[in-house]
Amino acid sequence: MKYSNIHCPTLKEDPASVEVASHRLLLRAGMIRQVASGIYDLLPLGLKVIRKVEAIVREEMNRAGAQEVLMPLVHPAELWQETGRWESNGKELLRFRDRHDRDFCLAPTHEEVVTDLIRKDVRSYKQLPINLYQIQTKFRDEVRPRFGLMRGREFTMKDAYSFDCDEESQMKAYEAMKAAYERIFSRCGLGFRRVHADSGNIGGSRSEEFMVLAKTGEDEIVHCKSCGYSANTEKARTLLNPSTLAKESFESLELVDTPDQKTIDEVVKKLQVHPTETLKVLLYQTEKGPVAAVLPGHRDLSEIAFQRALQAQNLRPLSPEELAQYSQVQFGSIGPMGLKEAIPVLADILFDSTIVEGRRYCVGANQNGKHYVGVQAGIDFAMQAHQVHQIHKAEVGDLCCDCNAPLQIERGIEVGHIFALGTKYSEAMNCNFMDEDGKEKPMVMGCYGIGIGRTAQAAIEQGLDEQGMVLPPAIAPFEVVIDVVKWKDEVLQSKALELYETLREHGYDVLLDDRDQSLGAKLKDADLLGISCRLVVGHKGLENNQIEAKLRWEKEAQWLAPDKIVDWIKSGFEKKQQAFLTADL
RNA sequence: CGGGGCGUGGCGCAGCCUGGUAGCGCACUUGCAUGGGGUGCAAGGGGUCGGAAGUUCAAAUCUUCUCGCCCCGACCA
């Protein structure tokens with residue numbers, strides 16, 4: 001490909017109000033342009049990178065035995081109503097009506113459609129297992145799109161769905177996908193961690209996320225260096241490190257006035273106590289009725305863990321208006337002592353496991369404008385074993401559940417997610433099959449997703465330097481670029497063309513920069529685009545029959561005879577790729 | 001959804017406070033020179049200031065409304 005034939009509007013200056021480096025580079029490299037919030041054009045070179053990621057994904061999916069299909073972006077409401085997700089999904093699900101006033105939505109995911117597809121044609125265990133995947137556009141009307149392709153509203157996703165006769169067979173599909181994902185992300189040159197997304201006690205289902213480690217990642221993950229345990233902070237189970245607790249300052253139970261102190265911060269300030277000596281009560285609404293989470297004032301609640309512990313389908317914070325229907329007590333004065341009496345309709349009260357039994361705490365008194373101090377956990381209020389759960393969000397300093405070592409917290413970009421679904425969708429949608437003894441059973445499903453654009457951008461985020469992108473050859477927009485010191489010089493030009501043809505014959509994806517610009521400008525663009533190998537043809541080298549060659553990730557360039565170039569590139573690329581596959585975090 | 005910010009040639013910005021119908025850099029066009037890290041000089045083209053209404057003799061500038069985009073936060077009581 002010749003540069004003059006490509007629409008690649010590179011930018012010299014940084015675009016305004018763009019925070020993340022990879023997003024900035026995508027814009028500067030002329031790979032993407034914004035159309036609306038969270039909606040982008042992919043320009044030729046941006047698309048080229050995306051296609052290369054897709055090619056790797058396809059290859060590994062096919063190798064793992066999945067078959068490619070293509071399902072629609074527009075889904076009829078009926079399918080989503082069958083699983084209840086038409087109602088339970090919020091505004092993220094973009095709904096609209098067609099000319100006949102029928103309800104539709106833009107697909108944020110495809111469990112309903114693929115389950116419908118399978119149930120129409122699969123009757124027997126003999127037809128199973130099946131694993132179908134697609135690389136397709138999704139639309140999720142995100143509250144707050146940001147960071148370019150990282151969190152767009154319209155985005156490309158690879159999603160696979162497996163259908164099996166039983167759990168055991170399902171686990172094989174799950175493991176095959178897991179292995180494929182590890183290969184895919186390694187081949188894309190990504191430093192990633194596979195983390196637990198669910199601790200695995202709900203209906204035997206299991207889920208793991210693939211996190212690319214990056215400071216700018218939107219997700220937090222805990223990692224245990226000593227045993228390797230990794231999990232999404234929201235879903236991680238961790239133990240309290242007792243050494244983080246302040247010394248007890250109360251000796252006896254006492255009722256104190258706190259007329260204007262509603263938040264933990266305010267109470268702590270007024271009563272001169274340490275946050276680790278306070279307890280707070282968070283109220284939520286569920287389909288079973290209001291529920292309460294009791295946890296230390298300095299800890300955050302993991303809503304996901306809370307919901308799981310409650311085994312609730314829906315969970316949202318209780319509004320002040322709702323609270324007023326149940327109780328005279330207002331937010332800010334609610335505490336664990338006599339909670340059930342204060343709010344008689346509470347369905348469940350769960351205590352966080354970081355509450356220390358016997359320790360004296362400062363708590364809301366369930367009387368407006370009053371707190372108790374010196375309340376003993378487990379004595380002044382009961383904490384039955386079945387009520388105590390790990391519902392706090394993991395924090396730095398917490399201890400590993402498995403080996404008791406201190407955990408570290410890292411940031412990551414979620415590029416892939418694999419999930420054992422069980423029979424949730426197959427049961428809701430009657431996706432059944434006849435097994436060997438003539439019994440009808442729901443299929444056991446799994447789903448597996450990769451954000452294609454996000455994977456590409458994560459690779460950029462991890463690889464960049466001051467000059468631009470540093471991409472692995474497998475996903476760089478070009479493998480090789482040829483720059484000519486003076487394009488109009490016929491001797492140099494013909495040498496460059498010769499080199500260009502040779503490399504193409506050897507199967508390389510080559511860019512010939514045929515623009516009549518200063519060398520400096522051309523080199524800047526080559527670096528910005530992250531092209532893996534750069535060759536410079538000029539008089540200086542040609543006098544000695546040499547070409548300047550440089551790999552994007554190396555500091556120094558080398559002078560090589562033209563007939564050595566192909567082998568040199570080959571071994572350079574192989575070394576790099578090998579490094580990715582064996583990279584250790 | 002709450003808070004904050006921004007919207008002026010393709011891009012990045014100044015002008016707005018203290019109204020008098022637009023300016024800079026980059027990019028673009030033409031010419032000459034240059035050619036190993038965004039080359040120099042010269043001559044050009046392009047915007048009515050997100051939109052609407054209002055105040056005024058006069059609005060990019062003041063007021064109100066509206067649209068769009070970006071950032072932060074989001075029920076932690």
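Chain letters run A, B, ... following the sequence lines, proteins first, then strands; residues in each count from 1.
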- Heavy-atom side-chain contact between A:Val291 and A:Leu283 under 4.5 Å: no
- When we call it a touch if two heavy atoms are under 4.0 Å apart, what does A:Asp525 touch: a base, just sugar-phosphate, or nothing? base
- Query: When we call it a touch if two heavy atoms are under 4.0 Å apart, what does A:Gln34 touch: a base, just sugar-phosphate, or nothing?
  - Reply: sugar-phosphate
- Task: For B:G23 and B:G46, measure between their P atoms and round to the nearest Å.
- Result: 13 Å
- Message: Just to be sure I understand the rule, does A:Asp516 reach a base, reach only the sugar-phosphate, or reach nothing, if contact means heavy atoms closer than 4.0 Å?
- Response: base
- Message: Mind checking if A:Val18 touches a base, just sugar-phosphate, or nothing, with heavy atoms under 4.0 Å?
- Response: nothing
- Query: For the side chain of A:Leu282, counting heavy atoms from C-beta on, which of B:G38, B:C76, B:C69 is nearest?
  - Reply: B:C76
- Using a 4.0 Å heavy-atom cut-off across all strands, classify A:Arg28 as base, sugar-phosphate, or nothing. base
- For B:C76, does either OP1 or OP2 sit under 4.0 Å from a side-chain N or O belonging to A:Thr263? no
- Task: State whether A:Gln467 places a side-chain N or O below 4.0 Å from either non-bridging phosphate oxygen (OP1 or OP2) of B:G38.
- Result: no
- Item | Side-chain-base donor-acceptor pair under 3.5 Å for A:Asp527 and B:G37 | yes
- Message: Considering every strand and a 4.0 Å limit on heavy-atom distances, what is the contact class for A:Gly538: base, sugar-phosphate, or nothing?
- Response: base
- Query: Any N or O donor-acceptor pair linking the side chain of A:Arg515 to the base of B:G38 at under 3.5 Å?
  - Reply: no
- Is A:Asp398 paired with A:Arg299 through a side-chain N to carboxylate O contact shorter than 4.0 Å? yes
- Query: What one-letter contact string describes nucleotides 5-11 of chain B from 5' to 3', where B marks a base within less than 4.0 Å of any protein heavy atom, S marks contact via sugar-phosphate atoms alone, and - marks no contact?
  - Reply: ------B
- Base, sugar-phosphate, or nothing for A:Ile264, non-hydrogen atoms under 4.0 angstrom? sugar-phosphate
- Please determine if A:Arg97 and A:Asp103 form a salt bridge, counting it only when a charged side-chain N lies under 4.0 Å from a carboxylate O. yes
- Message: Rounding to an integer number of Å, can you tell me how far A:Asp483 CG sits from B:G38 P?
- Response: 14 Å
- Message: So, does A:Lys280 get its side chain near the phosphate of B:A77, meaning an N or O under 4.0 Å from OP1 or OP2?
- Response: yes
- Message: Looking at A:Asp513 and A:Lys2, is there a salt bridge between them, counting it only when a charged N and a carboxylate O are closer than 4.0 Å?
- Response: no
- Closest to the A:Lys12 side chain: B:C26, B:A74, B:C69? B:C26
- What interatomic distance, in whole Å, is found between C1' of B:C67 and the corresponding atom of B:G50? 8 Å
- Message: Expressed as a whole number of angstroms, how long is the span from A:Arg146:CZ to B:C70:P?
- Response: 11 Å
- cation_pi(A:Arg515, A:Tyr3) dist<6.0 Å, angle<=45: yes
- Task: Mind checking A:Leu283 for me? I need base, sugar-phosphate or nothing, with any heavy atom below 4.0 Å counting as a touch.
- Result: base
- Message: Under 4.0 Å, heavy atoms only, any strand: does A:Gly364 hit a base, just the sugar-phosphate, or nothing?
- Response: nothing
